[in-house]
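Structure record follows, encoded as structure tokens.
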Protein chains: 2
Amino acid sequence: MAHPPDSDLLRSFLAIAEAGSVTAAAERLGRTQSAVSMQIARLEENLGQQLFDRLPRGVALTARGAQLLPYARRVTGLIEEAATALRSRPLDGPVRIGIPQDYSETVLPGILSAFSRRYPAVEVTVRLDYSVPQLKAMAAGELDLAVVFEWKPAGTKGEILCVEPTVWVTSDRHAQHLQTPLPIAVYFSSDWCQANMIASLDRHGIPYRVAFECDTVGGFFAAVRSGLAVVALSRSTIPDGCRELTLAEGFPAVDSSSVMLHRSSRGTSPAVDALAEAIRVAFRPGAFTEVEG
Amino acid sequence: MAHPPDSDLLRSFLAIAEAGSVTAAAERLGRTQSAVSMQIARLEENLGQQLFDRLPRGVALTARGAQLLPYARRVTGLIEEAATALRSRPLDGPVRIGIPQDYSETVLPGILSAFSRRYPAVEVTVRLDYSVPQLKAMAAGELDLAVVFEWKPAGTKGEILCVEPTVWVTSDRHAQHLQTPLPIAVYFSSDWCQANMIASLDRHGIPYRVAFECDTVGGFFAAVRSGLAVVALSRSTIPDGCRELTLAEGFPAVDSSSVMLHRSSRGTSPAVDALAEAIRVAFRPGAFTEVEG
DNA sequence: CTTAATGCATCAGAAAAACGAATAGAATTT
DNA sequence: AAATTCTATTCGTTTTTCTGATGCATTAAG
């Protein structure tokens, strides 16, 4: 049994797969074409499998090569992450962040796990709450950063992380969205339901009934997962096992909200800056959230 | 900015960290002590950080070294996994597996994701159901493999995957287990609740009331997560946000069940064998379930 | 049909890296 | 004080890997 292949070979493999050509990959890697060609030959021999089909113009992945691709991506990504984490100056100190409950199961775990791996000495405190009390807490000096939804586009200062529509969500396994009247879930204590959700249904002449009332997003998730009701959620917070209802099915977007990042006015620290940057990256469109143990 | 470090260096780093000594690691790696010593010096220079404290007797990880350790483990593990996946003969064909709902959120995702990465051409069909209909389906030729709970220790043939106690489970965030009478959840259509759960409570003189009835394990999860009831679950199926109730809190184990693997008598295939092996590994005690995207 | 161009594989020499054996140094044990 | 244990270092030597040049196959153009 041969030794396991080297990460350098995987890096070259990845470059070739992405460039579609040995020559182009070589340029990108700062090596000669012959060097890269030999590397890939070595890798293929090590694994005992042909990874590329040689075409007249460039190369193309074989089935086995496609199987290796995700591994190569993850390995090189991990090594890079490890290197930047280790090379960067260690930060420490407390950081207090407020974020909507909606993200507690989707983006938040990704942010926290990556951040705490990179800066293990930073003590992150998370506060899950709605926008208004979140900003109040920040004004009271209890938070360094706050991620909040805002429906009025301008108004406050703060940085726009992304703009997301609020959409109707149903379960993969149930068909609650086909019922008439439409069973919906609402919050006890938010007038946003009245103002936007119900207004949107009224506007489109969709009859509904309140089938579920609660005061936590967790309740919304449970309601939609169990097939009890249709719920309105920001697109990126749709939980597993559920899907967005499209316009073709007769469900318009409820509204469009901005996800905003607010920073405390009482000074900052390197740790706060770093977490703010991590949040920015996590919300950047196209950032696939990858949660790892 | 220096190049990212090489996986070979990480492998040596890992060996040293685990052996606690350069000399011992060198032996394990089949290299000389001087070679490994130079490798680690290169890695430290590459990262610009001291990774080990040199002790009179061996070496010990520094804080930065400890930070690198999980990366090194994952990188070497991934490369090894990639190599075995790529080197092994590709399998294909259908495999039909039956498994209790209980595992649909814990061990099952781990089994399926690892297996499908390794054998992407195998089409796995999963059937979630209780033991009796599962075995019926297998007898009818609808399943190749079935994982089932068995309470009578002997009786049938089949392979024991592990033996697990059924324990009472409560929520981290609620305190339903302190209520009197104890709120419990039961299945509609299983006499196991009567025979074991309730018998166990009676035996210990614990007063209870049925607070939740359903017919799916998903319902049990929802009941315990929301603080509605205490439920009895196999230890390895305890969902996030919940914890086992201990004897010290007055809750005895309900019973002990064997997790069994049954195979169809109508022949087998390499793909079935491979999945059976993957299941065996996943249930092997100490196998930490690692789910990845 | 010939000629140029593109792109991968291969070869030989050069450069770099890794290795093994021996040695030095530090700290501990006997 | 001597022996032991373990790491760092040094120095030839071997092995690996890279470069630059060349060969070969296929496509595009003249």
Side-chain angles (χ1 to χ4, degrees), chain A residues 1-62 64-66 68-69 72 76 79 83, chain B residues 2-62 64-66 68 72 76 79 83:
Chain A
M1 176 114 163
H3 285 199
D6 202 80
S7 64
D8 248 13
L9 300 186
L10 293 181
R11 204 185 320 282
S12 294
F13 166 82
L14 190 59
I16 298 175
E18 285 174 353
S21 138
V22 176
T23 311
E27 191 160 354
R28 223 179 73 178
L29 293 168
R31 299 262 138 87
T32 339
Q33 174 267 325
S34 69
V36 178
S37 179
M38 288 165 81
Q39 284 184 325
I40 207 61
R42 241 165 26 235
L43 182 60
E44 287 181 327
E45 198 221 312
N46 182 310
L47 297 175
Q49 307 287 341
Q50 187 173 337
L51 299 172
F52 290 102
D53 282 322
R54 274 64 174 179
L55 305 180
R57 197 166 212 84
V59 297
L61 281 172
T62 63
R64 302 317 288 277
L68 180 61
L69 192 56
T76 54
I79 290 184
Chain B
H3 286 199
D6 204 79
S7 63
D8 249 12
L9 300 186
L10 292 182
R11 206 186 318 282
S12 295
F13 166 81
L14 190 58
I16 298 175
E18 284 174 352
S21 138
V22 176
T23 309
E27 190 160 354
R28 222 179 73 179
L29 294 167
R31 303 261 131 89
T32 10
Q33 175 267 329
S34 74
V36 178
S37 178
M38 286 169 78
Q39 284 185 324
I40 207 61
R42 262 203 320 279
L43 182 60
E44 286 182 328
E45 197 221 311
N46 182 312
L47 297 175
Q49 306 288 340
Q50 187 173 338
L51 299 172
F52 291 101
D53 283 322
R54 274 63 175 179
L55 305 179
R57 199 167 211 84
V59 297
L61 281 171
T62 62
R64 302 318 287 276
L68 181 60
T76 54
I79 290 184

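Note that the structure is a prediction, hence the values are computed from the model and not measured. Below, chains carry the letters A, B, ... as their sequence lines are ordered, and counting in each starts from 1.
- Nearest to the side-chain atoms of A/Pro56 among the listed nucleotides C/dG20, D/dC6, D/dT27 stands D/dT27.
- Rounding to whole angstrom units, CD of residue B/Gln39 and C1' of C/dG20 are separated by 14 Å.
- Distances were taken from every side-chain heavy atom of A/Thr32 (C-beta onward) to each of D/dA8, C/dC8, D/dC18; the shortest belongs to D/dC18.
- A/Asp6 contributes atom CG, which lies 3.5 Å from atom CG of B/Asp6 (distance to the nearest 0.5 angstrom).
- With values rounded to the nearest 0.5 angstrom, A/Phe13 atom CZ is found 5.5 Å from A/Leu51 atom CG.
- Following rounding to the nearest Å, B/Leu43 (CG) and C/dA17 (P) show an atom-to-atom distance of 16 Å.
- Side-chain atoms of B/Gln33 come within donor-acceptor range of the base of D/dA8, with a qualifying N/O pair under 3.5 Å.
- Looking at which nucleotide of DNA chain D each of A/Arg42 and B/Ser37 is closest to, the 5′-most match is held by B/Ser37.
- Atom CG of A/Asp8 is separated from atom C1' of D/dC18 by 12 Å (rounded to the nearest Å).
- Residue B/Glu44 contributes atom CD, which lies 12 Å from atom C1' of D/dT7 at whole-angstrom precision.
- Of the two residues near DNA chain D, A/Arg31 and B/Gly58, the one whose nearest nucleotide lies more 5' is B/Gly58.
- Counting heavy atoms of neighbouring residues, nucleotides and ligands inside a 6.0 Å radius, atom CD of B/Glu18 exceeds 12 of them.
- Residue A/Met38 places its side chain closer to D/dT19 than to any other of C/dC8, C/dC19, D/dT19.
- Here A/Thr23 lies in heavy-atom contact (under 4.0 Å) with sugar-phosphate atoms only.
- At the heavy-atom level, A/Ala35 lies under 4.0 Å from base atoms of the strands shown.
- Atom CZ of A/Arg54 is separated from atom P of C/dG7 by 15 Å (rounded to the nearest Å).
- Comparing B/Gly30 and A/Ile40 along DNA chain C, the residue whose closest nucleotide (by nearest heavy atom) sits nearer the 5' end is A/Ile40.
- For A/Ser34, the side-chain atoms get nearest to C/dC11 when compared with the rest of C/dC11, C/dA22, C/dA18.
- Of all heavy-atom pairs between A/Leu47 and A/Pro5, the closest is CD2-CG, 4.4 Å.
- Atom CG of A/Asp53 is separated from atom P of C/dG7 by 18 Å (rounded to the nearest Å).
- Taking atom CG of residue B/Asp6 and atom C1' of nucleotide D/dT16, one finds them 13 Å apart after rounding to whole Å.
- Around CD of B/Gln49, the count of heavy atoms belonging to other residues, nucleotides or ligands within 6.0 Å exceeds 12.
- With rounding to whole Å, A/His3 atom NE2 is found 14 Å from C/dC19 atom C1'.
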